[in-house]
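Notes follow once the structure below has been shown.
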Amino acid sequence: MDLGVISVRYARALLKSAVQTKCEEQVYGDMLTIAHAYAELPRLRKTIDNPMLPAESKRKLLAAAAGTEASELTLRFIDLVLQEGREEVMQLIASSYITLYRKQKNITHGRLVTASPVTADTEAKMRQMVEQRTGGTVEFLTEVDPDIIGGFILEYDTYRLDASVHSQLRSILKELKK
């Protein structure tokens with residue numbers, strides 16, 4: 001069976017259980033933490049996929065990846081995943097849960113890249129603009145990248161607005177080469 005299908009099924013079941021127990025937001029935080037742990041620690045996946053590692057060690061690793069304040073439902077879910085021998089799809093399950101939760105709560109993930117740090121007021125205005133366009137709430141990630149020289153890059157959903165000096169200079173150079 002396709003790992004994507006399996007991960008979505010597990011994620012849907014987890015979301016349904018989380019909604020029933022009214023802890024979907026806490027589980028969302030746990031899944032964000034797990035997804036971040038997998039992204040930051042590539043060896044975590046190799047370790048979890050190792051068939052020689054005992055299930056109890058895998059449980060401890062996944063519980064630690066979920067964070068110190070992991071919900072009881074998340075910990076029970078990790079036990080279920082290990083019991084069913086599906087630990088190799090835990091990263092996909094976490095990503096699928098995040099996607100399903102955001103869709104259910106109408107949350108858009110946005111990113112703002114600037115050459116220098118922005119004020120909280122500027123970030124709030126950008127967030128408000130995206131929220132008006134999407135009709136939902138926005139999780140905003142701000143990054144500082146001095147390589148763009150000036151301006152900003154705004155991304156959300158499939159939309160990208162590149163108003164950076166770097167891209168404008170690249171565009172001018174392209175025109176000059178013609």
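Owing to the predicted nature of the structure, the values given are computational and were not obtained by experimental measurement.
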Query raised in the report: Can you list every side chain to side chain donor-acceptor pair (under 3.5 Å) pair that touches residues 44-55, not counting sequence neighbours?
Result: Arg45-Gln91
Query raised in the report: Does the side chain of Thr142 reach to within under 4.5 Å of the side chain of Met126, using non-hydrogen atoms?
Result: no
Query raised in the report: Between Ala66 and Thr74, what is the shortest heavy-atom contact and its length?
Result: CB-CG2, 4.2 Å
**Report entry** Any side-chain heavy-atom pair of Ile98 and Tyr28 under 4.5 Å
**Finding:** yes
Query raised in the report: Can you list the residues that meet the side chain to side chain contact (heavy atoms under 4.5 Å, CB included) rule with Thr21, with sequence neighbours excluded?
Result: Cys23, Leu73
Query raised in the report: Who else is in the cluster with Ile172 when I, L, V, M, F, W and Y are joined by side-chain contacts under 4.5 Å?
Result: Leu176
Requested in this report: Any pair with a residue in residues 67-78 that passes salt bridge (Lys or Arg N to Asp or Glu O under 4.0 Å), sequence neighbours left out, goes on the list, sorted by first then second residue, please.
Outcome: none
Requested in this report: Taking all heavy atoms of Leu100 and all of Val8, pick out the closest pair and write down the distance.
Outcome: CD1-O, 4.3 Å
Report summary line: Hits for ring-ring contact (aromatic ring centres under 6.0 Å, His included) against Tyr156, two or more places apart or cross-chain, chain-then-number order -> Tyr159
Requested in this report: With rounding to the nearest 0.5 Å, note down the distance linking NZ in Lys58 to CD1 in Ile48.
Outcome: 7.0 Å
Report task. Using a 4.5 Å cut-off on heavy atoms from C-beta on, say whether the side chain of Lys174 contacts that of Arg170. Result -> no
Report task. Can you spot which of Leu82, Leu62, Leu61 makes a side-chain contact (heavy atoms from CB on, under 4.5 Å) with Met90? Result -> Leu62
Query raised in the report: Which residue pairs pass the salt bridge (Lys or Arg N to Asp or Glu O under 4.0 Å) test when at least one of the two sits in residues 91-110, sequence neighbours left out?
Result: Glu24-Lys105, Arg102-Glu139
**Report entry** Pairs meeting criterion side chain to side chain donor-acceptor pair (under 3.5 Å) with involvement of residues 119-129, two or more places apart
**Finding:** Thr119-Thr122, Glu123-Arg127
Requested in this report: With sequence neighbours left out, write down each residue that passes ring-ring contact (aromatic ring centres under 6.0 Å, His included) with Tyr38, or none if nothing qualifies.
Outcome: none
Report summary line: By side chain to side chain contact (heavy atoms under 4.5 Å, CB included), Asp79 pairs with (sequence neighbours left out) Arg59
Report summary line: Applied to residues 151-162, the salt bridge (Lys or Arg N to Asp or Glu O under 4.0 Å) test, sequence neighbours excluded, yields Arg111-Glu155, Glu155-Arg160, Arg160-Asp162
**Report entry** Joint cluster assignment, Leu3 & Ile34, ILVMFWY side-chain distance < 4.5 Å
**Finding:** yes
Report summary line: So OH of Tyr101 and CG of Leu15: to nearest 0.5 Å the spacing works out to 9.0 Å
Query - Heavy-atom closest pair, residues Ser116 and Thr114 - result: O-OG1, 2.6 Å
Query raised in the report: Is a side-chain donor or acceptor of Ser171 paired with a backbone partner of Ser167 at a separation under 3.5 angstrom?
Result: no
Requested in this report: Give, for atom OG of Ser7 and atom CG of Asp2, the distance between the pair rounded to the nearest 0.5 Å.
Outcome: 8.0 Å
Query raised in the report: What heavy-atom pair brings Ile153 and Ser164 nearest, and what distance separates the two atoms?
Result: CG1-CB, 4.2 Å
Requested in this report: Give every residue pair that meets the salt bridge (Lys or Arg N to Asp or Glu O under 4.0 Å) criterion with at least one member in residues 27-44, sequence neighbours excluded.
Outcome: none
Requested in this report: Drop me the distance from Asp145's CG to Phe152's CZ, to the nearest 0.5 angstrom.
Outcome: 14.5 Å
Report summary line: Residues passing the side chain to side chain donor-acceptor pair (under 3.5 Å) test with Thr68, sequence neighbours excluded, are none
Report task. Could you go through the side-chain contact (heavy atoms from CB on, under 4.5 Å) check for Met31 and Leu14 one step at a time? Result -> CA-CA 10 Å; Met31 293 299 120; Leu14 178 59; 3.9 Å; yes
Query raised in the report: Between Leu154 and Val165, is there a shared hydrophobic cluster once you connect ILVMFWY residues whose side-chain heavy atoms come closer than 4.5 Å?
Result: no
Query raised in the report: Relative to the ring of Tyr10, is the ring of Phe77 parallel (under 30°), tilted (30 to 60°) or perpendicular (over 60°)?
Result: perpendicular
